[in-house]
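Take a look at the structure set out below.
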Amino acid sequence: ITLYQMIEFTKDYSFVHLYPYTGRTHQLRLHMASINKHILGDFFYSPSDIYLKSDRLLLHAEELRLKHPRTNQDIRLLAKCPFKLSDII
């Protein structure tokens, strides 16, 4: 399960926040491709015209939450997104 929130959009592009509720490999990329909203730079799941629009996968984890495996302490990691919609268009 992945929920998403539209942050910014133009005629051709959208900047969204994705919220995965399960943890499968490539889940976000697959879910977005399944609704025909491919992630720029995604070599595996996007058509070549979309893949080639970026020299990197434009997917970034701004926040990760997990429990420490030994102490069971909650850990929250933050990393600001290094790109924005205006960088792309």
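For Glu63, the CD atom is densely surrounded, since the number of other residues' heavy atoms within 6.0 Å is greater than 12. Annotation: Phe83, atom CZ; neighbour count of heavy atoms from other residues, nucleotides and ligands within 6.0 Å is above 12. Environment of NZ in Lys84: sparse, with no more than 12 heavy atoms of neighbouring residues, nucleotides or ligands closer than 6.0 Å.
The closest side-chain donor-acceptor pair between Glu8 and Ser14, if any, does not fall under 3.5 angstrom.
Between Asp74 and Arg65 there is no salt bridge, since none of the side-chain N atoms of the basic residue sits less than 4.0 Å from a carboxylate O of the acidic one.
Atom CD1 of residue Ile50 and atom CZ of residue Phe43 lie 14.5 Å apart, to the nearest 0.5 angstrom. To the nearest 0.5 angstrom, His38 atom NE2 is 12.0 Å from Lys53 atom NZ.
At distances below 3.5 Å, at least one donor-acceptor pair connects side-chain atoms of His60 with backbone N or O atoms of Lys80. Remark: side-chain polar atoms of Thr22 are paired, donor with acceptor, to backbone N or O of Ile1 under 3.5 angstrom.
Annotation: salt bridge (Lys or Arg N to Asp or Glu O under 4.0 Å) contacts of Arg56 (sequence neighbours excluded): none. Glu62 pairs by the side-chain hydrogen bond (donor to acceptor under 3.5 Å, both in side chains) definition with nothing, not counting sequence neighbours.
Hydrophobic clustering keeps Leu64 apart from Leu78 (ILVMFWY residues linked when any side-chain heavy atoms are closer than 4.5 Å, directly or through intermediates).
The minimum heavy-atom distance between Tyr21 and Gln27, with the atom names listed, is N-NE2, 4.1 Å. Of all heavy-atom pairs between Tyr13 and Leu40, the closest is CE2-CD1, 3.7 Å.
Cluster partners of Phe9, by chain and number: Tyr4, Met6, Val16, Leu18, Leu28, Met32, Ile35, Ile39, Leu57, Leu59. The rule joins Ile, Leu, Val, Met, Phe, Trp and Tyr whenever side-chain heavy atoms lie under 4.5 Å apart.
Between His26 and Tyr45, the distance from one ring center to the other falls under 6.0 angstrom.
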- Task: Could you go through the side-chain contact (heavy atoms from CB on, under 4.5 Å) check for Tyr19 and Thr2 one step at a time?
- Result: CA-CA 5 Å; Tyr19 303 95; Thr2 300; 5.9 Å; no
